[in-house]
Amino acid sequence: MTMTNFPEITRSFQELSGLAPEFFMDIRTDEDLARATAFLYTFDFEVKGEEPHPLDPLAELLTQRITAYEARRFPVPDADGPDMLAFLLQQRPLTQQALAAATGIPQSTISDLLRRRRAFTADHARKLGAFFQVSPGMFL
């Protein structure tokens, strides 16, 4: 039975973390996030075309820490079709009347969709998706 050589692992880890501390950094602030993300882009650029790369597991761990920080810092609330439609209208800014004219969906139907008085149909989703250049699935 082979024994794990913890002193050798410790020495190697200390050496590696000294060479590339970004692989092991804690991400606690937006500045840390920016540094970690920049490092990951640099890593990807440097090893481009080498798949699999021996350092891929470390890059994956860093990616997981980035994702975890972003989920805590920038939570994305659940949104359904009416929420998405309201958001997209607000972002343009666009009136219901203008959207009706552009999509062929009656303004009263758009109002009912936004107020949750009516369910989105596949046709509504298709027209809205085409107009806003998003997946129709966002509305269903």
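- To the nearest 0.5 angstrom, Thr63 atom OG1 is 4.5 Å from Leu40 atom CG.
- Across Gln107 and Ala100, no two heavy atoms sit closer than the pair N-CB, 3.6 Å.
- Ring geometry for Phe39 against Phe43 counts as parallel: the plane angle stays under 30°, on a 0 to 90° scale with 60° as the upper cut.
- The backbone N or O of Phe74 sits nowhere less than 3.5 Å from a side-chain atom of Tyr69 that would complete a donor-acceptor pair.
- A 6.0 Å sphere centred on CZ of Phe87 holds no more than 12 heavy atoms belonging to other residues, nucleotides or ligands.
- Surrounding CD of Glu8 are more than 12 heavy atoms belonging to other residues, nucleotides or ligands, all under 6.0 Å away.
- Between atom OG1 of residue Thr103 and atom CZ of residue Arg126 there is a gap of 10.5 Å, rounded to the nearest 0.5 Å.
- Looking at heavy atoms from C-beta onward, Leu128 lies out of side-chain contact with Leu88 at the 4.5 angstrom threshold.
- The CG atom of Asp112 sits 12.0 Å away from the CD1 atom of Ile105 when rounded to the nearest 0.5 Å.
- A salt bridge is absent between Glu31 and Arg35: the closest approach of a Lys/Arg side-chain nitrogen to an acidic carboxylate oxygen does not fall below 4.0 angstrom.
- Of all heavy-atom pairs between Glu22 and Leu62, the closest is O-CD1, 3.5 Å.
- Taking both residues in full, the closest heavy atoms of Leu19 and Pro21 are given as C-CD, 3.7 Å, listed atom of the first, atom of the second, then distance.
- Heavy-atom minimum distance, Ile66 versus Leu33: CG2-CD1, 3.7 Å.
- The line from CG of Leu58 to NE2 of His53 is 10.5 Å long, rounded to the nearest 0.5 Å.
- Residues passing the salt bridge (charged side-chain N to carboxylate O under 4.0 Å, His left out) test with Asp26, sequence neighbours excluded: Arg28.
- For the pair Phe120 and Leu113, the minimum side-chain heavy-atom distance is below 4.5 Å.
- Note: Asp30 CG to Glu70 CD = 9.5 Å, rounded to the nearest 0.5 Å.
- Within the model, atoms CG of Asp56 and CG of Leu61 stand 11.0 Å from one another, a figure rounded to the nearest 0.5 Å.
- Across every non-hydrogen atom of Phe131 and Ala102, the tightest pair is CE1-CB, 3.4 Å.
- Phe132 has its side chain within reach of Leu94: a pair of non-hydrogen atoms, C-beta onward, lies under 4.5 Å apart.
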Q. Between Leu99 and Gln96, does a side-chain contact (heavy atoms from CB on, under 4.5 Å) hold up when you go through it step by step?
A. CA-CA 5 Å; Leu99 182 61; Gln96 292 180 28; 5.6 Å; no
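- Nearest heavy-atom pair, Ile110 versus Leu85, reported as atom, atom and distance to 0.1 Å: CG2-CD2, 4.3 Å.
- A donor-acceptor distance shorter than 3.5 angstrom exists from the side chain of Arg65 to the backbone of Met25, with no hydrogens or angles considered.
- Under a cut-off of 6.0 angstrom, the local environment of CZ in Arg116 is crowded, with over 12 non-hydrogen atoms contributed by other residues, nucleotides or ligands.
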